[in-house]
Amino acid sequence: MEVMKLHSHPMSSCSRRVRLALNLKGLKYECINITSVGDPELLKVNPMGYVPALVDGTTVVSDSYAIILYLEEKYPEHPLLPRDIIKKSINYQVASIVSSSIQPLQNTTLVHYIGEIVGPDEKLPWAQYHISKGLVALEKLLANHAGKYATGDEIYLADLYLAPQFDNAINRYKLDMTEFPLLLKLNTVYCQTPAFQQIFAETPQQQIDKSLFNFTKPHET
């Protein structure tokens with residue numbers, strides 16, 4: 001059986017969601033790290049030039065949300081969605097808030113663009129504002145649903161979206177999350193959970209240009 005191939009980036013939160021899904025489901029895959037803009041191999045499978053993109057035999061799926069739902073349907077073992085319809089709806093809402101209302105507005109390309117048209121000192125405040133706005137909604141949404149993880153005591157779709165977003169907020173955008181005690185508690189659990197630790201392990205320097213993700217310097221790199 002041909003092994004799936006995932007076109008990914010070591011620090012892409014969208015890619016990390018999919019890698020988490022694949023690992024939690026125990027699926028074998030080859031991770032192809034894309035480290036340059038306009039990579040010709042990526043453009044062959046996703047003309048948009050975005051990661052992640054999954055190749056499963058003759059099937060190609062791009063966009064993390066579509067990929068995870070595809071994996072959930074084709075490989076139902078170790079489900080990433082609860083059976084309870086209310087908890088399932090909460091998972092969908094969390095994924096939507098992160099993917100639609102937070103991540104696009106703190107995307108590295110957009111943040112650097114803000115720096116170019118407004119000023120380099122505005123990059124970090126821009127990202128922090130839009131991340132905080134989304135976290136306010138998530139803190140309220142999960143107030144009556146969280147257990148050890150976002151919607152109970154099992155890792156589900158919501159956690160796959162939250163963990164990478166928290167990592168971005170804290171480590172990339174230097175956001176103080178003390179005003180979000182529930183989310184901060186979840187982040188502590190993620191940092192102590194092997195499945196998440198594996199994803200956030202230090203990436204070899206040669207695989208990534210970390211200057212692309214440095215928003216604390218007042219100049220472009």
Side-chain angles (χ1 to χ4, degrees), residues 8-20 33-39 48-52 63-65 93-143 150 158-192 196-197 199-221:
S8 175
H9 188 285
M11 290 186 70
S12 160
S13 59
C14 299
S15 297
R16 285 172 163 179
R17 299 167 194 160
V18 176
R19 288 164 57 205
L20 278 165
N33 280 324
I34 304 300
T35 56
S36 63
V37 177
D39 185 286
M48 287 289 290
Y50 295 152
V51 292
D63 183 83
S64 60
Y65 196 63
Q93 290 176 71
V94 169
S96 179
I97 290 171
V98 173
S99 64
S100 300
S101 301
I102 301 179
Q103 195 274 331
L105 294 171
Q106 49 103 84
N107 180 276
T108 54
T109 301
L110 177 59
V111 173
H112 280 305
Y113 180 66
I114 293 297
E116 291 175 359
I117 65 171
V118 181
D121 291 338
E122 296 304 314
K123 293 192 293 184
L124 201 59
W126 166 277
Q128 290 175 337
Y129 170 78
H130 290 288
I131 294 171
S132 294
K133 187 175 180 181
L135 296 187
V136 168
L138 291 168
E139 181 85 6
K140 293 179 179 179
L141 177 64
L142 296 175
D159 303 295
L160 273 56
Y161 275 75
L162 291 174
Q165 182 58 63
F166 294 162
D167 183 67
N168 278 353
I170 296 170
N171 297 314
R172 186 182 300 178
Y173 296 110
K174 314 305 177 186
L175 184 70
D176 181 358
M177 286 183 54
T178 53
E179 66 176 293
F180 311 110
L182 174 57
L183 302 184
L184 201 56
K185 180 181 177 182
L186 288 174
N187 184 65
T188 298
V189 173
Y190 296 148
C191 291
Q192 296 172 347
F196 296 101
Q197 289 175 335
I199 293 299
F200 297 126
E202 183 72 26
T203 301
Q205 182 64 43
Q206 66 269 23
Q207 290 185 347
I208 184 169
D209 180 2
K210 291 186 179 179
S211 67
L212 294 174
F213 300 92
N214 189 344
F215 301 104
T216 60
K217 293 182 180 180
H219 60 273
E220 296 292 339
T221 55

**OP:** Please tell me if the side chains of Tyr161 and Ser64 come closer than 4.5 Å, counting only heavy atoms from C-beta onward.
**Re:** yes
**OP:** Any pair with a residue in residues 178-190 that passes side chain to side chain donor-acceptor pair (under 3.5 Å), sequence neighbours left out, goes on the list, sorted by first then second residue, please.
**Re:** Asp159-Tyr190, Asp176-Thr178
**OP:** First locate atom CG of Leu162, then atom OG of Ser13, and finally report the distance between them rounded to the nearest 0.5 Å.
**Re:** 11.5 Å
Show which side-chain atoms of residues 127-137 pair as donor or acceptor with protein atoms under 3.5 Å away, not counting sequence neighbours.
| unit_1 | atom_1 | unit_2 | atom_2 | d |
| --- | --- | --- | --- | --- |
| Gln128 | NE2 | Tyr173 | O | 2.9 |
| Gln128 | NE2 | Lys174 | O | 3.4 |
| Ser132 | OG | Gln128 | O | 2.9 |

Original post:
What do you reckon, is OH of Tyr65 surrounded by more than 12 foreign heavy atoms closer than 6.0 Å?
Top reply: yes
Original post:
For the residue pair Pro104 and Ser100, what are the closest heavy atoms and their distance?
Top reply: CG-O, 3.7 Å
Original post:
Atom CZ in Phe180, atom CG in Leu142: separation rounded to 0.5 Å?
Top reply: 12.5 Å
**OP:** Would you confirm whether Gln103, through its side chain, and Gln165, through its main-chain N or O, come within 3.5 Å as a donor-acceptor pair?
**Re:** no
**OP:** Under the side-chain contact (heavy atoms from CB on, under 4.5 Å) rule, what do Ile102 and Asn168 come out as? Steps first, then yes or no, please.
**Re:** CA-CA 11 Å; Ile102 301 179; Asn168 278 353; over 6 Å; no
**OP:** To the nearest 0.5 Å, tell me how far Leu160 CG sits from Ile199 CD1.
**Re:** 9.0 Å
Original post:
Quick one: does Phe166's side chain get under 4.5 Å of Leu186's, heavy atoms only?
Top reply: yes
Original post:
Are any non-hydrogen side-chain atoms of Val18 and Val51 less than 4.5 angstrom apart?
Top reply: no
Original post:
Distance from Ile114 atom CD1 to Gln106 atom CD, nearest 0.5 Å?
Top reply: 13.0 Å
Original post:
Nearest heavy-atom pair of Leu183 and Met177: which atoms, and what distance?
Top reply: CB-CE, 3.9 Å
Subject >> Given Arg16, Arg172, Arg17, the one that forms salt bridge (charged side-chain N to carboxylate O under 4.0 Å, His left out) with Asp167 >> reply: Arg16
**OP:** Could you tell me which residues satisfy side-chain hydrogen bond (donor to acceptor under 3.5 Å, both in side chains) with Asp39, sequence neighbours excluded, listed by chain and number?
**Re:** none
Subject >> CG on Leu138 to OG on Ser101, rounded to 0.5 Å >> reply: 9.0 Å
Subject >> Beyond-backbone contact of Trp126 with Leu105, side-chain heavy atoms, under 4.5 angstrom >> reply: yes
